[in-house]
Amino acid sequence: MVAPNVDARIFEIVSYSILKYYYNDRVIYWGCALDTLQQENLKLFKTGRTNANDGGIDFVMKPLGRFFQVTETVDVNKPFLDIDKIERYPITFVVKSLDSDSEIKSKIEAQARKLYSINAIISQYMECIEEIINVPILIERFEQAVAKGYLSDILSEIIKQSRL
């Protein structure tokens with residue numbers, strides 16, 4: 001269900017379900033002083049309806065405030081528009097592609113160089129790409145989540161999100 005030829009809605013739902021449980025047992029420690037550090041698990045939330053074309057961001061991670069955007073395309077206009085939406089805050093792209101994450105990033109940058117003549121602008125946008133999660137990385141994260149016993153949770157989440 002994460003192959004490059006699957007429906008975009010299904011890809012978004014399955015990506016969310018996998019990543020939700022991939023990050024589920026990851027713990028961070030945070031606080032304002034060493035003696036008051038808090039321990040908290042990472043939690044991934046959907047921020048809107050699947051394929052709503054509402055211009056919103058797809059997922060957000062608490063407590064890090066990390067944004068995730070699912071996309072089918074590596075057309076430079078899409079990721080740069082998403083980066084502009086959140087005023088150049090770092091963002092992770094989940095891309096429905098078998099290309100490596102570095103190949104995807106290189107393609108975006110090459111297209112940007114054709115569109116923009118100012119290197120500083122290109123650099124500002126490219127620095128906002130926190131991570132690229134492609135299909136192979138998503139499958140790897142799925143396998144890791146399954147190895148931790150989350151298969152039924154992932155499948156339940158897929159069913160739940162599909163109904164919504």
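Hydrogens, waters and symmetry mates play no part in the numbers below; they use all other heavy atoms, side chains included.
Residue Ser156 holds its OG atom at 11.5 Å from CD of Gln161, rounded to the nearest 0.5 Å. With rounding to the nearest 0.5 Å, the separation of CD in Glu109 from CD1 in Ile122 is 7.0 Å. For the atom pair CD1 of Ile118 and CD of Gln124, the computed distance is 10.0 Å after rounding to the nearest 0.5 Å. Atoms CD and CG, on Glu143 and Leu138 in that order, are 10.5 Å from each other to the nearest 0.5 Å. We find the CG-OH distance between Leu44 and Tyr21 to be 10.5 Å, quoted to the nearest 0.5 Å. With rounding to the nearest 0.5 angstrom, the CZ atom of Phe59 is 11.0 Å from the CD1 atom of Ile91.
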Test log, rule side chain to side chain contact (heavy atoms under 4.5 Å, CB included), inputs Glu130 and Phe68: CA-CA 9 Å; Glu130 187 170 38; Phe68 294 74; over 6 Å; no
Would you please test Leu37 and Trp30 for side chain to side chain contact (heavy atoms under 4.5 Å, CB included) and show each step? CA-CA 5 Å; Leu37 289 180; Trp30 63 282; 5.5 Å; no
In sequence, state the C-alpha distance, the side-chain angles, and the governing distance for Phe93 and Ile108, and then conclude on side chain to side chain contact (heavy atoms under 4.5 Å, CB included). CA-CA 12 Å; Phe93 289 99; Ile108 293 169; 5.8 Å; no
Check the pair Lys78, Gln69 against side chain to side chain contact (heavy atoms under 4.5 Å, CB included), reporting the backbone distance first and the verdict last. CA-CA 10 Å; Lys78 171 72 170 114; Gln69 187 70 22; 3.4 Å; yes
Evaluate the side chain to side chain donor-acceptor pair (under 3.5 Å) criterion for residues Thr73 and Thr71: first the C-alpha distance (whole Å), next the side-chain angles of each, then the deciding distance (0.1 Å), finally the verdict. CA-CA 6 Å; Thr73 179; Thr71 183; 5.5 Å; no
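In this structure, Leu19 and Ile133 have side chains that are in contact, with non-hydrogen atoms separated by less than 4.5 Å. Counting heavy atoms from C-beta on, the side chains of Asn77 and Leu115 come closer than 4.5 Å. Contact check for Arg66 versus Leu42: no side-chain heavy atoms found under the 4.5 Å cut-off. Between Met126 and Ile129 there is a side-chain heavy-atom pair separated by less than 4.5 Å. Side-chain contact between Tyr16 and Asp58: absent, with no pair of heavy atoms (C-beta onward) separated by less than 4.5 Å.
Residues Ile159 and Ile154 do not share a hydrophobic cluster, clusters being chains of Ile/Leu/Val/Met/Phe/Trp/Tyr side chains in contact below 4.5 Å. When the side chains of ILVMFWY residues are joined at heavy-atom separations under 4.5 Å, either directly or via intervening members, Met61 and Tyr29 end up in two distinct hydrophobic clusters. Residues Val60 and Leu81 are members of separate hydrophobic clusters, defined by side-chain heavy-atom contacts under 4.5 angstrom among Ile, Leu, Val, Met, Phe, Trp and Tyr. Phe80 is connected to Ile121 through a chain of hydrophobic side-chain contacts under 4.5 Å among Ile, Leu, Val, Met, Phe, Trp and Tyr, so both are in one cluster.
Using a cutoff of 4.0 Å between basic side-chain nitrogens and carboxylate oxygens, Arg141 and Glu131 are scored as salt-bridged. Ion pairing of Lys85 with Asp82 is present here, as a side-chain N (NZ or NE/NH1/NH2) and a carboxylate O approach within less than 4.0 Å. Electrostatic pairing of Lys105 and Asp101 does not count as a salt bridge here, judged by no charged N lying under 4.0 Å from a carboxylate O. Salt bridge status for Glu12 with Lys46: present, with a side-chain N to carboxylate O gap under 4.0 Å.
Under the 30°/60° scheme for interplanar angles, the aromatic rings of Tyr125 and Tyr116 are found to lie parallel.
Using modelled atom types, one side-chain atom of Tyr89 and one backbone atom of Gly65 make a donor-acceptor pair closer than 3.5 Å. Of the possible polar contacts, none joining the Gln144 side chain to the Ile139 backbone as a donor-acceptor pair under 3.5 Å is found. Using a distance-only test at 3.5 Å, with no hydrogens or angles considered, no donor-acceptor pair links the side chain of Asn134 to the main chain of Ser97. Of the possible polar contacts, none joining the Lys20 side chain to the Ser15 backbone as a donor-acceptor pair under 3.5 Å is found. With hydrogens and angles ignored, the 3.5 Å screen pairs a side-chain donor or acceptor of Gln111 with a backbone N or O of Val76.
Under the side-chain contact (heavy atoms from CB on, under 4.5 Å) test applied with Ile132, the options Thr92, Val95, Asp99 reduce to a single match, Val95.
The local environment of NZ in Lys62 is sparse, with at most 12 non-hydrogen atoms from other residues, nucleotides or ligands closer than 6.0 Å. By the 6.0 Å contact criterion, CD on Glu87 is open, its count of non-hydrogen atoms from other residues, nucleotides or ligands being 12 or less.
For the residue pair Asn24 and Tyr150, a side-chain donor N or O sits within less than 3.5 Å of a side-chain acceptor on the partner.
Scanning both residues, Glu72 and Ala8, for their nearest heavy atoms gives OE2-CB, 3.4 Å. Closest of all the heavy-atom pairs between Pro90 and Ile86 is O-CD1, 4.2 Å.
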